[in-house]
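In what follows, a structure is listed as structure tokens, so that the remarks can point back to it.
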Amino acid sequence: MKVAERIANLPPYLFVEITKKIAEKRARGEEVISFAIGDPDIPTPPHIINRLVEAAKDPVNHRYPESAGLPDLRRAIAEWYQKRFGVSLEPDKEVLPLIGAKEGIAHIAFCFIDPGDAALVPDPAYPVYAIGTNLAGGRPYYLPLTARNNFLPNLDAIPQNVLGKTSLLWINYPNNPTGAVADLDFFNRVVEFAKKNNIAVCHDGPYTEVAFDGYRPVSFLQADGAKDVGVEFHSLSKSFNMTGWRIGMVVGNPEMVKALTTLKSNIDSGIPQAIQYMAIEALRGPQDCIQEHNSIYQRRRDLVVEGLNKMGLEAQLPKASLYVWAKVPSGYTSASFATDLLEQVGVVVTPGLGYGRSGEGYIRLSLTIHDASLVKGLSKMAGWRDNVNKFKLKVS
Ligand SMILES: *Cc1c(COP(=O)(O)O)cnc(C)c1O
């Protein structure tokens with residue numbers, strides 16, 4: 001049979017390769033400690049699970065859901081945005097629940113990108129922005145995120161001929177993989193840029209609730225006129241430790257929400273209703289679990305950054321997100337460092353190059369790892385670095 005070019009040309013999804021490598025090592029009986037994947041290890045809070053159990057028993061929830069989601073879920077999302085960000089949303093026009101944000105992020109490309117169009121995609125970034133663009137027949141134009149510009153894209157550096165064929169701009173703060181944050185000032189500039197160049201904005205914001213030291217990230221929709229030009233993707237995955245349940249949302253510009261609703265109603269049948277009830281419970285219920293989770297992540301963040309710095313790896317304390325973005329020592333590429341670390345001490349980190357060319361020279365460590373494994377992983381890395389230093393002394 002002939003596999004379609006769009007699939008044949010697709011690189012394997014970043015974590016599929018890493019997961020395979022880990023499984024191979026474990027199958028050989030070797031211990032592997034993974035800082036690779038951003039998937040909360042803390043369980044979904046019990047009050048949310050209880051709502052699922054209850055909803056699962058009701059036969060009403062055994063039948064097809066609607067693609068647009070339960071009206072009450074759309075209302076709960078709008079109420080949460082109002083309470084959390086002071087952003088008003090029309091539940092029936094400006095809110096669409098998703099089967100996880102990833103699904104919506106990939107699919108929205110098909111609503112706004114015609115073959116030959118460009119999408120502005122940050123580099124490094126969550127891989128799905130560029131993959132969706134490519135699948136829709138468009139071309140990603142990469143915006144480098146570097147330490148020098150605080151990991152914010154330089155919108156003034158995009159050539160006019162690129163802007164002329166650009167239909168979408170992707171941004172993501174708090175940022176995966178760099179841990180960088182953006183303020184309202186940046187989002188206001190994005191709105192201005194989008195209006196001037198007639199570009200639709202997709203802000204991906206699954207980490208607005210994962211923040212440290214009392215910092216409270218802002219929503220893109222808090223920027224003046226944001227709803228005129230764009231949408232924000234959000235997710236229950238990271239906020240409420242619900243990655244396994246697959247539920248997220250897109251909110252904002254009604255035309256964009258409508259286009260994605262039209263596409264999705266033709267290709268999926270919505271989120272299992274019992275899971276929609278979990279989301280309603282998460283959004284309307286007590287929010288203190290968020291702070292509890294953040295203090296766990298914050299302690300881990302401090303341990304990881306301190307451990308890396310002690311080893312001589314440069315890393316900043318992120319204000320938000322689940323990630324530490326660290327520089328690899330000179331003499332290594334991001335891939336050679338990650339490979340040696342895995343082969344020699346069984347510790348997995350994600351090579352920055354996997355997120356784009358500007359990720360070269362960095363590795364990403366996720367904070368979604370049990371405390372005991374985290375401490376063990378750091379001590380293995382520290383021991384390894386000692387050896388490397390000794391080795392280097394010997395040869396020089
Ligand atoms: C985790 C993550 C998502 C996906 O969230 P789901 O709702 O689980 O699909 C989207 N964007 C970024 C940047 C992420 O890190």
Side-chain angles (χ1 to χ4, degrees), residues 13-16 18-19 35-44 48 69 73 77 80 95-109 119 121-133 140 143 145 151-153 168-182 201-211 217 219-220 230-251 260 264 268 270-272 275-276 278-279 282-283 293 297 318 320-325 350 352 354-356 359 364-369:
Y13 194 66
L14 180 59
F15 291 111
V16 174
I18 293 171
T19 310
F35 288 91
I37 298 174
D39 185 359
D41 57 304
I42 310 166
T44 308
I48 300 174
L73 173 58
I77 291 169
W80 186 82
V95 175
L96 174 65
L98 299 169
I99 313 168
K102 185 180 185 182
E103 171 264 299
I105 290 168
H107 282 142
I108 202 163
V121 174
D123 160 28
Y126 184 63
V128 189
Y129 316 139
I131 291 171
T133 304
L143 309 176
L145 307 184
F151 302 103
L152 298 172
L168 275 188
L169 162 65
W170 280 102
I171 46 173
N172 159 230
Y173 295 97
N175 186 256
N176 174 12
T178 68
V181 297
V201 179
C202 291
H203 177 247
D204 184 20
Y207 297 101
T208 60
E209 305 316 292
V210 186
S219 161
F220 169 66
V231 289
E232 180 160 272
F233 288 85
H234 213 292
S235 174
L236 283 279
S237 286
K238 318 297 171 30
S239 308
F240 297 97
N241 299 339
M242 287 175 62
T243 50
W245 302 110
R246 311 310 304 132
I247 188 159
M249 62 270 213
V250 62
V251 297
L260 189 54
K264 277 171 56 63
D268 72 52
I271 306 150
I275 293 173
Q276 297 191 48
M278 295 175 84
L283 295 167
H293 303 152
Y297 295 136
S321 86
L322 290 170
Y323 310 107
V324 172
W325 189 235
T350 323
Y355 299 95
R364 192 197 77 169
L365 287 88
S366 168
L367 304 174
T368 56
I369 162 174

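Just so you know, ligand 1 is whichever comes first in the structure, and atom 1 is the first atom listed for that ligand. Counting from 1, the numbers follow the sequence of the chain as shown. Worth knowing before you read on, the calculation uses all heavy atoms, side chains too, and leaves out hydrogens, waters and symmetry mates.
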Ignoring hydrogens, just give me the one of I37, V128, D204 whose non-hydrogen atom is nearest atom 10 (C) of ligand 1. D204
Please list, in number order, the atoms of ligand 1 under 4.0 Å from a heavy atom of Y207.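 Heavy-atom distances to Y207 below 4.0 Å select 1 (C), 14 (C), 15 (O).
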Which ligand 1 atoms does N176 reach within 4.0 Å, using its non-hydrogen atoms?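 Reading through ligand 1 atom by atom, the close ones are 13 (C), 14 (C), 15 (O).
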Between [X] and ligand 1, does any nitrogen or oxygen pair lie at a separation below 3.5 Å?
X	answer
G100	no
Y126	no
Y129	no

Is [X] near ligand 1, meaning one of its heavy atoms is under 4.0 Å from it?
X	answer
R246	yes
F233	no
G248	no
G38	no

Should the proximity of A101 to ligand 1, defined as any heavy atom under 4.0 Å, be assigned to the side chain, the backbone, both, or neither? both
Part of E103 within contact of ligand 1 (heavy atoms, under 4.0 Å): neither
Between Y207 and Y173, is the ring centre distance below 6.0 Å? no
Please determine whether a side-chain nitrogen of the Lys or Arg among K264 and E103 lies less than 4.0 Å from a carboxylate oxygen of the Asp or Glu. yes
